[in-house]
Colleague: 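Supplied in structure tokens, the structure appears directly below.
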Amino acid sequence: MLWAAACHVEASMESRRAYPFDRIEPKWQRFWEDHAIFRASNPGEPGAEKPKYYVLDMFPYPSGRGLHVGHLEGYTASDIVARYKRMRGFNVLHPMGWDAFGLPAEQHAVATGIHPRITTERNIANFREQIAAMGFSYDWSREINTTDPRYYRWTQWIFLQLFCRGLAYVAEAPVWYCPALQTVLANEEILPSPAGPVSERGHYPVERRPLRQWMLRITAYAERLLADLDLVDWPESIKEMQRNWIGRSEGATVRFGIEGEEHTVEIFTTRPDTLFGATYLVLAPEHPLVGELTRPECRETTEAYLRDATRKSDLERTDLAREKTGVFIGAFAINPVNRERIPVWIADYVLSSYGTGAIMAVPAHDERDFEFASRFGLPVRTVVRPKDPADPPSECFSGDGVACASQFLDGLPTPEAKRAMIAWLEEKGLGKRTIHYRLRDWLFSRQRYWGEPFPIVWRNGEAQPVPESDLPVLLPERKEFFPEKGGFAPLSQERGWVELPDGGLRETNTMPQWAGSCWYYLRYLDPGDDRELVSREEERYWMGPQGVDLYIGGAEHAVLHLLYARFWHKFLFDIGVVSTPEPFHRLVNQGIILGEDGRKMSKSFGNIVNPEGLLRQYGADTVRLFEMFLGPLEQMKPWSSQGLEGPHRFLARVWRLAMEEDAEGRWVPRSGISTEGAPEEIRRLLHRTIRKVSEDLEQLSFHTAIAQMMILVNALTREPIPFRDVLESLIVLLSPFAPHLCEELWSVLGHAESLAYAPWPEADPRLLTEAETEWVIQVNGKVRSRMSAGVDLGQEEAEALARGRPEIEAWLEGKSIRKVIFVPGKLLNFVLDQKP
RNA sequence: GCCCACGUGGUGGAAUGGCAGACACACGGGACUUAAAAUCCCGUGGGAGGUAACUCCCGUGUGGGUUCGAGUCCCACCGUGGGCACCA
């Protein structure tokens, strides 16, 4: 009795499944793993004679929460491409690894006392399991982990090369410090918020502090990082963000003498042509000459202003709505072009960190200067007039125009006037053409434990590189994870590690999380190599000719990872480690998946979708298919749990094309699958589908490819019997999307080999061209009729046929035709004379 | 404020300047079933007319423009999302 009841439950559970994905998915995952189906061939191995294709995912930080549907979207897309390219005859490199250093693991350790190594390992195991359950075709023999000493040895090695070439240095500079995270952060890791700047991770408030820190000279690569954006196939928005971040501006530095002083003040301007309009000079409050130039009679007000400025938060200083403030410091500068005496002010609208920290103010042609001059009653002198004299004259004109009241520049358009002025300044030795970048050097040290140690030892106050043969510098084990108060690095407590027998002291900062991800795509090529970061042969094969062929990941890394990695890559190119100027040729950002309520998925909204439950209910193939069917890959789109039904029903239909249930309710191969050729109509539809799916896969337009396969399956379902050849082609086309189901059906149909390398079908051109087509007949651009007729009809025959149709006759009756538009094989449009 | 992307049915979305709404969800109807689920078939932008097969009008954020023809191209505006923000 009990037994029968249990059986009944079992049976009803079974019958609720539209097809037995719970049985076939683990089966094929095990098969792929046991047979190393997705191992990519290295140069020299069989398979490497094929053209290579490198399709890369942004590797995840293995958090405690596991994978979310956003990860799965990008990974599914790249997996579909990887599987497709394999079937197209490419040797595909599709690897996965773990970006496992970083703050969350360390914060967890602080909270629980569990070593980050342990939680990291646990999280990685969990991620690996979830990824395997999705049936992604990664080559697991190439798995990497940034926290593995065999990996970070090479991260340290790259740092050493940077250090030895003067591209890594220690400097004291005002840097962002986060009290909550107890570490400094890079400019790129700071976000604006209504309450002031906050950390990207955790959104904690951050503040400026002057600290001694490691910096990487990314600015030395500014020009190449900007120019080489033209070499890559990336979304324009990401390129634009990087361009803005690098912020190139071209202009001139000009030296102003100071009346009665030895000192000169250098200013940077993008408008040297307006030099005759300069009516005062402004220094940033932090400018080094402020103290010396201030006259005794102004000392008191100046110092009060400086005190005020330092007390102000960055938020207050950058608040655009605020009125500009500043004070006159009593000094006068001499304008080099006309020897005019102009006052010197300090004001916090001038930033110490950009250009030279000083500007010439031209209120007639700069909004900010104009606002300041108006407030303090400073003179405004027009030296550029608009090109078009009809334009109403305005008090402040910042556009390009024609120089006036500027002696030797008069009459020159702005671009020429700039050139003329720069030439004049250079000739007189008063200034020179200068290019400035907004990009700053990369703040590279963190006061944290869970990161790569620097391969640096301090001796007599000097930083010395650890010899390459001593790498890796191992991260010492640790029991306590509380960071020290006051910005000291946790590693400084490890005296036995820090203090060397010869009196040297190890650097106790660690590298930022971005370090490991700057070059991981290279390590996949040659993960076990302990002599080199990557061997030349592997690098040439997999990275040639343009680097990673396809890189899929989130847009949130636009100016962080993607800029840093380009910088390191260019450096590695310069020292001969890599052979391409850019690492990632084609970049695609998957759009964010929103919660079902249309809001961003977040714990606080309670709208996070957990993939585990979906996998149990629908299986991996359905989840894969649905993630792709949601909409265009790059678009932001809301999740819909109801929507899963569509792809699920579709897969079940495909299943039932080949399978049927016997009397006991077991799935058995369907009897009566026809081995005869399918009717022509079906064959035509199949070949249109082959063409559409192939084209769409090249363009990553997965949702339209799926829609086309649905059309084919709907047609096949309506046929009384299935056709073996059509079914097999369909299974091959669908296999990149739903690999488990397709492998199972492929083997049911009698194939012994895995589908993974089955050749991709070719569309037969003869079945793509139709002899007959539906013509659209318009009158005055409105569709009034359609007719089925030959595709290659000439205009006269088509026109005659169209005119013969009664509904068209009715529309044309009594009207005179002005002209007829003829689109061969498609359309006729009768354009009538307007009614009088 | 500046830069970039995007606005199409109840919903997700489709559409080399040439049939707007493919495909799917949801909804409605039917077949099968004792019944339900599942499955299969049909319908589904809005409006008007017709017993009917059907016919006509309107419709892709708003307003203009180019064109024989505009969701698609151009101009202006409105809205949404993202980025930058006193960078001289």
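Fair warning: this is a prediction, and the values are worked out from it, not measured in the lab. Just so we're on the same page: letters track the sequence lines, and every chain starts at 1.
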Colleague: Just to confirm, is there a sub-4.0 Å distance from OP1 or OP2 of A88(B) to any side-chain nitrogen or oxygen of Y349(A)?
Modeller: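 For A88(B), OP1/OP2 do not have a side-chain N/O of Y349(A) under 4.0 Å.
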Colleague: Give a yes or no on whether the ring-centroid distance for F650(A) and F629(A) is below 6.0 angstrom.
Modeller: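 Ring-ring flag for F650(A)/F629(A): false, centres at least 6.0 Å apart.
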Colleague: Using whole Å, report how far CG of L827(A) lies from P of A70(B).
Modeller: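 L827(A) atom CG is separated from A70(B) atom P by 12 Å.
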Colleague: Which listed nucleotide (A22(B), U39(B), A26(B)) is nearest to the side chain of Q642(A)?
Modeller: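 Looking only at side-chain atoms, Q642(A) lies closest to A26(B).
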Colleague: The side chain of I711(A) lies closest to which of these nucleotides: A14(B), A22(B), G18(B)?
Modeller: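 Among A14(B), A22(B), G18(B), the one nearest the side chain of I711(A) is A22(B).
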Colleague: When the P atoms of A52(B) and G13(B) are compared, how many Å lie between them, rounded to an integer?
Modeller: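 Each nucleotide's P atom is 38 Å from the other's.
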Colleague: OP1 or OP2 of C84(B) sitting under 4.0 Å from any side-chain N/O of R243(A)?
Modeller: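 No, because none of the side-chain N or O atoms of R243(A) sits under 4.0 Å from OP1 or OP2 of C84(B).
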Colleague: Which of these nucleotides, A26(B), C56(B), G69(B), is closest to any side-chain atom of N829(A)?
Modeller: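 Within the option list, the nearest is G69(B).
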Colleague: From the set C41(B), A14(B), C68(B), return the single nucleotide nearest to any side-chain atom of R718(A).
Modeller: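 Given the options C41(B), A14(B), C68(B), the side chain of R718(A) is closest to C41(B).
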Colleague: Which listed nucleotide (A88(B), A22(B), C40(B)) is nearest to the side chain of A707(A)?
Modeller: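 From the listed options, A22(B) comes nearest.
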Colleague: Toward the 5' end of RNA chain B, which comes first, R440(A) or V776(A), by nearest nucleotide?
Modeller: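 Whichever sits nearer the 5' end wins; that is V776(A).
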Colleague: Give me the ring orientation class for W775(A) and F822(A): parallel if the planes are under 30° apart, tilted from 30 to 60°, perpendicular past 60°.
Modeller: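 Geometry flag for F822(A) against W775(A): parallel rings.
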Colleague: Could you tell me the separation between the CD atom of Q242(A) and the P atom of G83(B), rounded to a whole number of Å?
Modeller: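 One finds 15 Å between P of G83(B) and CD of Q242(A), rounded.
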Colleague: Could you state the atom-to-atom distance from NE2 of H436(A) to C1' of A88(B) in whole Å?
Modeller: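 Those two atoms, NE2 and C1', are 10 Å apart.
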Colleague: Are W345(A) and F376(A) close enough that their ring centers fall under 6.0 Å?
Modeller: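 For W345(A) and F376(A), the ring centres are under 6.0 Å apart.
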Colleague: Which nucleotide, A88(B), C56(B), G13(B), lies nearest any side-chain atom of R784(A)?
Modeller: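 Nearest to the side chain of R784(A) among the choices is C56(B).
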Colleague: Please confirm whether the shortest side-chain N or O distance from K819(A) to OP1 or OP2 of C68(B) is below 4.0 Å.
Modeller: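 Answer yes for this pair, as a side-chain N or O of K819(A) is under 4.0 Å from OP1 or OP2.
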Colleague: Under 4.0 Å from OP1 or OP2 of A24(B): is there any side-chain N or O of H703(A) that close?
Modeller: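 No, because none of the side-chain N or O atoms of H703(A) sits under 4.0 Å from OP1 or OP2 of A24(B).
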Colleague: Let's see if you can work this out: which of G82(B), G13(B), A22(B) has an atom nearest to the side-chain heavy atoms of M241(A)?
Modeller: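 Side chain of M241(A) sits closest to G82(B).
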Colleague: Taking the P atom in each of A22(B) and G43(B), what is the distance between them to the nearest angstrom?
Modeller: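 Pairwise P distance, A22(B) against G43(B), rounds to 12 Å.
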Colleague: Can you check the distance between C57(B) and C4(B), where both ends of the measurement are the P atom (answer in whole Å)?
Modeller: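 The same atom, P, in both gives a distance of 40 Å.
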Colleague: Would you call R656(A) and E661(A) a salt bridge, taking side-chain N to carboxylate O under 4.0 Å as the test?
Modeller: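 Answer for the salt bridge query: no.
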Colleague: Taking atom C1' of U39(B) as reference, at what distance in whole Å does atom OH of Y19(A) sit?
Modeller: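 Answer to the nearest Å: 17 Å.
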Colleague: When the distance from CD of Q778(A) to P of G17(B) is rounded to whole Å, what number comes out?
Modeller: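 Computing the Q778(A):CD to G17(B):P distance gives 16 Å.
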Colleague: Identify whether the glycosidic angle of G43(B) places it syn (within 90° of 0) or anti.
Modeller: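 Nucleotide G43(B) adopts anti.
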Colleague: Side chains of T219(A) and Y437(A): any donor to acceptor distance under 3.5 Å?
Modeller: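 No donor-acceptor contact under 3.5 Å links the two side chains.
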Colleague: Of the listed nucleotides (G12(B), A26(B), C86(B)), which one gets closest to any side-chain atom of F629(A)?
Modeller: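 Taking heavy atoms from C-beta onward, the closest nucleotide is G12(B).
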Colleague: Indicate whether the side chain of R653(A) and that of N714(A) have a donor and an acceptor atom separated by less than 3.5 Å.
Modeller: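 R653(A) vs N714(A): donor-acceptor pair found between side chains.
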Colleague: Rounding to an integer number of angstrom, what distance separates C54(B) and U67(B) when you compare their C1' atoms?
Modeller: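 Between the two C1' atoms, the distance is 32 Å.
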Colleague: Defining pairs by Watson-Crick or G-U wobble geometry with both distances under 3.5 Å, how would you list the stems of RNA chain B with at least three pairs each?
Modeller: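 Runs of three or more consecutive pairs: B:1-7 with B:78-84, B:10-12 with B:23-25, B:27-31 with B:39-43, B:45-49 with B:54-58, B:61-65 with B:73-77.
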Colleague: Round to the nearest Å and state the distance from R438(A) atom CZ to C2(B) atom C1'.
Modeller: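 Between C1' of C2(B) and CZ of R438(A): 13 Å.
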Colleague: Expressed in angstrom and rounded to an integer, what is the separation of Y437(A) atom OH from C84(B) atom C1'?
Modeller: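 Answer to the nearest Å: 19 Å.
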Colleague: Once the angle between the rings of Y19(A) and W655(A) is folded into 0 to 90°, is it parallel (under 30°), tilted (30 to 60°) or perpendicular (over 60°)?
Modeller: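 Taking W655(A) first and then Y19(A), their aromatic rings sit tilted (interplane angle of 30° to 60°).
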Colleague: Can you tell me how far C1' in U8(B) sits from the matching atom in C58(B), rounded to whole Å?
Modeller: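 Result for the C1' pair: 15 Å, nearest Å.
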Colleague: Counting heavy atoms from C-beta on, name the nucleotide in C56(B), C68(B), A26(B) closest to the side chain of R649(A).
Modeller: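 Given the options C56(B), C68(B), A26(B), the side chain of R649(A) is closest to A26(B).
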Colleague: Taking only the C1' atom of each, what is the distance from G64(B) to U11(B) in whole angstrom?
Modeller: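 Per the computed distance, 32 Å lies between those C1' atoms.
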Colleague: Rounded to whole angstroms, how far apart are CZ on F822(A) and C1' on C68(B)?
Modeller: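 That distance rounds to 15 Å.
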Colleague: Is it the case that the base of C84(B) and the side chain of N244(A) share a donor-acceptor contact (distance under 3.5 Å, atom types as modelled)?
Modeller: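 Between C84(B) and N244(A), which were checked side chain against base, a qualifying N/O pair under 3.5 Å is absent.
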Colleague: Looking only at the side chain of P638(A) (C-beta and beyond, no hydrogens), which of the listed nucleotides A14(B), G18(B), G12(B) gets closest?
Modeller: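 Nucleotide nearest to P638(A)'s side chain: G12(B).
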Colleague: Between OG1 of T274(A) and CG of D366(A), what distance do you get to the nearest 0.5 Å?
Modeller: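 That separation rounds to 8.5 Å.
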Colleague: Mind checking the C1' distance from U55(B) to G50(B)? Whole angstroms is fine.
Modeller: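 The answer is 8 Å between these two C1' atoms.
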Colleague: Looking at N714(A), does any N or O in its side chain come under 4.0 Å of the phosphate oxygens OP1/OP2 on C41(B)?
Modeller: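 Answer is no, no contact under 4.0 Å.
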Colleague: For nucleotides A5(B) and A76(B), find the distance between their P atoms and express it as a whole number of Å.
Modeller: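 It comes out at 15 Å once rounded to the nearest Å.
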Colleague: Whether R243(A) and E236(A) form a salt bridge (side-chain N of Lys/Arg under 4.0 Å from carboxylate O of Asp/Glu) is what I want to check.
Modeller: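 Yes, charged N to carboxylate O under 4.0 Å.
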Colleague: Does T704(A) place a side-chain N or O at less than 4.0 Å from the phosphate oxygens OP1/OP2 of A22(B)?
Modeller: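 No, T704(A) has no side-chain N/O under 4.0 Å of OP1/OP2 on A22(B).
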Colleague: Does one side chain, of T356(A) or E266(A), offer a donor that lies under 3.5 Å from an acceptor on the other?
Modeller: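 Not at all, the side chains of T356(A) and E266(A) share no donor-acceptor pair under 3.5 Å.
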Colleague: Once hydrogens and angles are ignored, does a donor-acceptor distance under 3.5 Å link the base of U11(B) to the side chain of K637(A)?
Modeller: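 Counting by modelled atom types and ignoring angles, no donor-acceptor contact under 3.5 Å is found here.
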